[in-house]
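Report on one structure; see the data block that follows.
Source: prediction; values computed, not measured.
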Amino acid sequence: MTDRQFTPLPERGISLTLRATLLFALIASLVVSAVGFYLYYSMDKELVRRADYQVSGRVQYFRHLLANEFPLSQLSRNPGLFENMLGNERDILTFRLSGEKPLINVNPSRLELPPVVAVPDGYPLTLNTVHHLTAPDGTPVRFARAAVQIQDGRTVEITGAHFMTEESHLLQTFRWEITGAVLFAYLLIAVLGYLVIRRGLRPLRNMAHEAAQIHPASLSTRLSSENAPQELQQLIYSFNDMLDRLAGGYQRLTQFSADLAHEIRTPVGALMGHCQVALYQPRTVEEYETLLANNMEELERISRMVENILFLARASDARSVLTITTIDVSSEMTRIQEYFEGLAEERGMTLNGKGTGVLYADAMLFQRALSNLVANAVRYGREGSPIELRAEPHARGMDIHVISQGDQVPPEKCAKLFDRFYRADASRSEGGSSSGLGLSIVQAIMALHRGSVSMTSSAQGETCFTLSFPGANHKLPQ
């Protein structure tokens, strides 16, 4: 007992809805984060600016006070008053005479400020004159130092510092709020985005459901473009066009299979009948020879049919390689006339060739295409009528016409003449050498040459097949 072979299922990739949702949520969160960070740094910058204004304004106030003959001794008698004025428990305010100890030193945190040059008397305090440092506990500190000359000519250095404790707490709280808002926005946008995208992709799921219902027995079904978004309209149209091509190809394949079975059944049935009759009773040598000759004819017919089918298969698969050469049309038409002259005389028909010129094609395929048309004209033309081969060169290439006289071909049959195994008059072909593939081969040869074949039939019974070959400047497959 052999192990069964199972074909592994393809791995399922991430759904388009989930992928678009995650990408959309990521982009939205990045935008929200960027806005939050911008607001955070804007607030940080604004709080620092306000602290600088506060420090410089405080130092400038006492500088102005001492410059307007306010007695220094009165300031030194009430140091506690300054502690109440500062408000912040950790803010610093010192007054120092040049080269002496501080007269007033409000410094609850005992923070030692770095030595900086005081702003000279007469120069204003600006935001650029405010310095910064970080306290041991990590709290930012903004401080300024300025000099002022008092009434007795001495110089007093005023130092003010502000601990940004409340501002730091505010920024920390705001930072956590921004982080929470970004996470919440990401989740909210992901959920809402998933719902919106899933709803937006509903037409695509409907399209997939409709496509899943199409099978060989219902190739006439088409996807509905009603209420479909514009982005899917072109896809639906292209898919329906593909279904049209598949339906046409499937129909031709089905018809071809049925015709092929019918065509092969006839010679096979004849072979079997001949053999059964021969085996029914003993025969003479002459009778066996006749039987073998009949069987040989049927086998040759099957062989020709198989060769024609193989040629059409290779031509349809674009695997035929052309050997493009320069062909003298007049010489080729004369050669074909001579080849079919005996067959035409049996039916009292004459072959006439007109026109000269040169075309570029595969010589053997050109002969085969033209021979098929001439053979078709001899077989189905009216007895005693002429057959004309005419060459007409033009700017785009050359046309080869094969004109015969006979019954008019109905317009509804003209389009089917180039179908495989189709015969306009089946009664005249039954049991003959025709396989119904001659015109199909002609069409395949012209397709390989990037040319075309056409057919017209007038009410007077004139039938004209035209081979249109492109010129030398047209690119042909090599």
Hey, could you give me the [atom1]/[atom2] distance between [X] and [Y], rounded to the nearest 0.5 Å?
{"X": "Gln405", "Y": "Met349", "atom1": "CD", "atom2": "CE", "value": "9.0 Å"}
{"X": "Leu291", "Y": "Cys275", "atom1": "CG", "atom2": "SG", "value": "6.0 Å"}
{"X": "Leu243", "Y": "Arg222", "atom1": "CG", "atom2": "CZ", "value": "5.0 Å"}
{"X": "Tyr186", "Y": "Leu30", "atom1": "OH", "atom2": "CG", "value": "9.5 Å"}

Spell out, as yes or no, whether a donor-acceptor pair under 3.5 Å connects the side chain of [X] to the backbone of [Y].
{"X": "Gln337", "Y": "Leu351", "result": "yes"}
{"X": "Thr179", "Y": "Arg175", "result": "yes"}
{"X": "Ser458", "Y": "Glu462", "result": "yes"}
{"X": "Arg347", "Y": "Val378", "result": "yes"}
{"X": "Arg205", "Y": "Arg198", "result": "yes"}
{"X": "Ser56", "Y": "Asp52", "result": "yes"}

So Phe469 and His449, side-chain contact (heavy atoms from CB on, under 4.5 Å) or not? Walk me through it. CA-CA 7 Å; Phe469 287 89; His449 287 83; 4.2 Å; yes

So which atom in [X] and which in [Y] form the shortest heavy-atom distance, rounded to 0.1 Å?
{"X": "Ile236", "Y": "Ser224", "value": "CD1-O, 3.7 Å"}
{"X": "Ser404", "Y": "Ile387", "value": "CB-CG1, 4.4 Å"}
{"X": "Ala144", "Y": "Val55", "value": "N-CG1, 3.6 Å"}
{"X": "Ile327", "Y": "Ala363", "value": "CD1-CA, 3.6 Å"}
{"X": "Leu439", "Y": "Leu373", "value": "CD2-CD2, 3.7 Å"}
{"X": "Met398", "Y": "Thr356", "value": "CE-O, 4.2 Å"}

Any donor-acceptor N or O pair under 3.5 Å, side chains Thr466, Asp399: no

So if I apply the side-chain contact (heavy atoms from CB on, under 4.5 Å) rule between Leu467 and each of Val442, Leu359, Ile445, which one comes out positive? Val442

In sequence, state the C-alpha distance, the side-chain angles, and the governing distance for Ser452 and Met446, and then conclude on side-chain contact (heavy atoms from CB on, under 4.5 Å). CA-CA 5 Å; Ser452 63; Met446 296 309 298; 5.6 Å; no

Go through Val402 and Arg390 one step at a time and tell me if the side-chain contact (heavy atoms from CB on, under 4.5 Å) criterion holds. CA-CA 7 Å; Val402 178; Arg390 184 193 308 164; over 6 Å; no

Within the supplied structure, the quantity of interest is the number of heavy atoms (other residues, nucleotides, ligands) at a distance under 6.0 Å from [X] [atom1]; does it exceed 12?
{"X": "Met296", "atom1": "CE", "value": "no"}
{"X": "His209", "atom1": "NE2", "value": "no"}
{"X": "Phe174", "atom1": "CZ", "value": "yes"}

Could you walk me through whether Glu388 and His401 satisfy the side-chain hydrogen bond (donor to acceptor under 3.5 Å, both in side chains) test, starting with their C-alpha distance in whole Å, then the side-chain angles of each, then the deciding distance to 0.1 Å, before giving a yes or no? CA-CA 8 Å; Glu388 180 180 353; His401 305 282; over 6 Å; no

Scan Arg50, Arg142, Glu167 and name whichever one has a side chain to side chain donor-acceptor pair (under 3.5 Å) with His162. Glu167

Apply side-chain hydrogen bond (donor to acceptor under 3.5 Å, both in side chains) to residues Asp137 and Thr139 and explain how you reach the verdict. CA-CA 6 Å; Asp137 61 356; Thr139 304; 3.1 Å; yes

Please determine if Glu338 and Arg335 form a salt bridge, counting it only when a charged side-chain N lies under 4.0 Å from a carboxylate O. no

